[in-house]
Amino acid sequence: MDSTPENFSGVLFNQEIMKNEIIFYLGLLLFGINISSSQVKNGKVSYRVSMESFYENSLDGGEISPRLKKMHKITADAAKNIQLQLLFNGEESIFQHQKGLSISDFKELDEFVKYLTSKGTYFTNLAHSEQILQTSYEGRKYNVKSEVQKQDWALTKEKKQFGKFICNKAVLVKEIAGKNREIIAWYSPEIPVSFGPADYVGNLPGLILELQLPIATYTASKVELNPKKEVKIDWPTNIETMTEEEYKKEGDKVKAQLDRGW
């Protein structure tokens, strides 16, 4: 092999060209991924619900009457038919039960299970850091306004795949009913929007595809990004808006009226 200085420098030159081409290719690849991610403007996500862990945990909590055990089982079975939908467009989203879906043969059970899995319809505006929960009681609708809450999630390196999306695990310790509970979210950085079920929004660097709460687990069954028909979020304006504190006072009034009725 000819090892003259001229040939040696030529080899180095070719290696440098190859190195630059590889770097350029990787740059294009990464840039392409970023461009693709940044183009996620709106989307639709369908979630299925499982309350099996709620049912199993109730059995582990000590003695439970056969009647209550049966009720928990009926509730968990009915929840399998629940379908929730998240729609998002830019900085706004809406999370709600699929309209017109009956999950059991009993209206009262339908309403109970739906309330357990979502207290109502959640409207979120991240640009203004505000959220409205549209809920109802005794046929009357309420719009309850609140700020998007800061949640202290611990981001981990653990990953799991949902469909074609790789998700990262995040853990949140939250006080629920006087006890510290662990909440787990699997979010996808590939979908760089900070939305998820209910009021779990505005804190994670990616769409939540699975949310594990003490009472239920929400798992994305279908993800549609940038659908042909643009997603529109109609912010509720037809009902007077109240604060969470005002809503609580309203609830106390209703409770007092019921107590007097007894």
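Keep in mind that what you see is a predicted model, and the values were worked out from it rather than measured.
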So which atom in [X] and which in [Y] form the shortest heavy-atom distance, rounded to 0.1 Å?
X: G43; Y: V231; result: O-CG2, 3.8 Å
X: V148; Y: V201; result: CG1-O, 3.5 Å
X: A170; Y: L155; result: CB-CD2, 3.8 Å
X: Y200; Y: L172; result: CE2-CD2, 4.1 Å
X: P227; Y: N42; result: CD-OD1, 3.1 Å
X: K159; Y: I166; result: CD-CG2, 4.1 Å

Flag for [Y]-[X]: side-chain donor and acceptor within less than 3.5 Å:
X: N125; Y: E130; value: no
X: E175; Y: N180; value: no
X: Q212; Y: E210; value: yes
X: Q131; Y: T124; value: yes

Where the side chain of [X] meets the backbone of [Y], is there a donor-acceptor pair that is under 3.5 Å apart?
X: S93; Y: F195; value: no
X: S194; Y: N203; value: yes
X: N168; Y: T156; value: no
X: Y187; Y: V193; value: no
X: E246; Y: T243; value: yes
X: Q161; Y: G163; value: yes

Taking the side chain as every heavy atom from C-beta outward, state whether [X] and [Y] have any atom pair closer than 4.5 Å.
X: K119; Y: Y115; value: yes
X: V45; Y: L87; value: no
X: T217; Y: V49; value: no
X: Y47; Y: Q85; value: no

Go through D77 and E52 one step at a time and tell me if the side chain to side chain contact (heavy atoms under 4.5 Å, CB included) criterion holds.
CA-CA 8 Å; D77 287 343; E52 289 301 315; 4.2 Å; yes
Calculate, to the nearest 0.5 Å, the distance between atoms [atom1] and [atom2] belonging to [X] and [Y] respectively.
X: Q134; Y: K141; atom1: CD; atom2: NZ; value: 5.0 Å
X: L204; Y: W186; atom1: CG; atom2: CH2; value: 12.5 Å
X: Y247; Y: T135; atom1: OH; atom2: OG1; value: 4.5 Å

Show your reasoning for whether side chain to side chain contact (heavy atoms under 4.5 Å, CB included) applies to V40 and F88.
CA-CA 10 Å; V40 177; F88 63 88; 4.1 Å; yes
NZ of K160: more than 12 outside heavy atoms within 6.0 angstrom?
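Yes - once you tally the heavy atoms of other residues, nucleotides and ligands closer than 6.0 Å, there are more than 12.
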Count the heavy atoms of every other residue, nucleotide or ligand shown that sit under 6.0 Å from NZ of K80, and state whether that count exceeds 12.
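For K80, atom NZ is crowded (more than 12 foreign heavy atoms under 6.0 Å).
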Determine, stepwise, if the pair M242 / Y142 fulfils side chain to side chain contact (heavy atoms under 4.5 Å, CB included).
CA-CA 8 Å; M242 61 177 61; Y142 298 88; 3.8 Å; yes
Could you label the plane-to-plane angle of the F95 and Y122 rings as parallel, tilted or perpendicular, counting under 30° as parallel and over 60° as perpendicular?
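Correct class here is tilted.
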L84 and side chain to side chain contact (heavy atoms under 4.5 Å, CB included): which single residue from H97, K114, Q98 fits?
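Between L84 and the candidates, side chain to side chain contact (heavy atoms under 4.5 Å, CB included) is satisfied uniquely by H97.
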